[in-house]
Amino acid sequence: MLLTAGQVFLKLALMRMPSFSWTRAFWWSLMTNWQFAASGLLFALASLLWMYIVKVFPFSSAYPMISLSYVLGMLAAILIFHEEVSVVKWFGVCFIVLGCMLIAK
């Protein structure tokens, strides 16, 4: 959830940003963008949590569970960014969930 929230805030931040340039104005707008800061904080928290998970759980079980962020990302795309998702993508999401269920058992 932290990874997906970080990606959502990153997209929101970049949507507010001007086109990329090596100007002081661009970098200032990036550093004063609260959504960009929120994305960094969420990524940092996700990294700390990941360190705990890798230490405590078998890597072969923990690592594939990261793919659930794709499922949450798809839901965020629909609910937050109002994107349309094709049937093929929904099948992909179902396969990811099924794979996670098989690995978790």
Side-chain angles (χ1 to χ4, degrees):
M1 287 174 50
L2 291 170
L3 285 174
T4 304
Q7 293 292 348
V8 167
F9 275 103
L10 182 61
K11 175 142 177 92
L12 290 170
L14 295 174
M15 288 170 57
R16 296 181 56 203
M17 296 293 301
S19 297
F20 179 82
S21 64
W22 289 103
T23 63
R24 187 178 314 178
F26 172 81
W27 294 103
W28 179 253
S29 66
L30 181 69
M31 294 302 145
T32 58
N33 187 326
W34 72 268
Q35 291 149 327
F36 183 72
S39 72
L41 178 64
L42 289 163
F43 289 141
L45 291 172
S47 295
L48 291 172
L49 179 59
W50 181 243
M51 285 188 271
Y52 170 78
I53 289 169
V54 168
K55 182 163 178 59
V56 174
F57 296 98
F59 193 70
S60 62
S61 296
Y63 193 76
M65 296 304 159
I66 293 175
S67 63
L68 289 174
S69 67
Y70 294 112
V71 178
L72 297 173
M74 184 82 74
L75 294 174
I78 294 166
L79 298 173
I80 297 170
F81 300 111
H82 308 290
E83 296 178 10
E84 291 192 25
V85 177
S86 68
V87 173
V88 173
K89 290 180 183 176
W90 280 115
F91 276 116
V93 165
C94 290
F95 285 129
I96 289 171
V97 171
L98 178 63
C100 287
M101 289 171 51
L102 291 172
I103 289 169
K105 289 191 176 200

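Everything numeric here is computed off the predicted structure, so don't read it as measured data.
Both V54 and Y63 are members of a single hydrophobic cluster when ILVMFWY side chains are connected at heavy-atom separations under 4.5 Å. In the hydrophobic clustering of ILVMFWY residues, with side-chain heavy atoms under 4.5 Å counting as a link, M101 and L75 come out together. Follow the hydrophobic side-chain contacts under 4.5 Å out from Y52 and you reach L45 in the same cluster. Follow the hydrophobic side-chain contacts under 4.5 Å out from F91 and you never reach V85; the two are in separate clusters. In the hydrophobic clustering of this structure, M51 does not group with I53; members are Ile, Leu, Val, Met, Phe, Trp, Tyr whose side-chain heavy atoms approach within less than 4.5 Å, directly or through other members.
Among pairs with a residue in residues 8-31, those fulfilling side-chain hydrogen bond (donor to acceptor under 3.5 Å, both in side chains) read R16-Q35, S21-T23, at least two apart in sequence or across chains. Residue pairs satisfying the ring pair (Phe, Tyr, Trp, His ring centres under 6.0 Å) criterion with at least one member in residues 30-50, sequence neighbours excluded, are listed as follows: F9-W34.
Distance check: L49 CG to M1 CE gives 11.0 Å after rounding to the nearest 0.5 Å. To the nearest 0.5 Å, the span separating OG1 on T4 from CG on L42 amounts to 10.5 Å. In this structure, CG on L12 lies 9.0 Å from CG on N33, to the nearest 0.5 angstrom. Atoms CG and CG, on L2 and L41 in that order, are 9.0 Å from each other to the nearest 0.5 Å. Put simply, CE on M74 and CH2 on W90 are 6.5 Å apart, with the number rounded to the nearest 0.5 Å.
Counting heavy-atom neighbours within 6.0 Å of F81 CZ, excluding the residue itself, gives a total above 12.
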Margin query: side-chain contact (heavy atoms from CB on, under 4.5 Å), that's the test. Do M65 and F57 meet it? Break it down for me.
Written below: CA-CA 11 Å; M65 296 304 159; F57 296 98; over 6 Å; no

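Closest approach of I103 to S60, counting heavy atoms only: CG2-O, 3.9 Å. In terms of heavy-atom proximity, L3 sits nearest to S69 at CB-CB, 4.4 Å.
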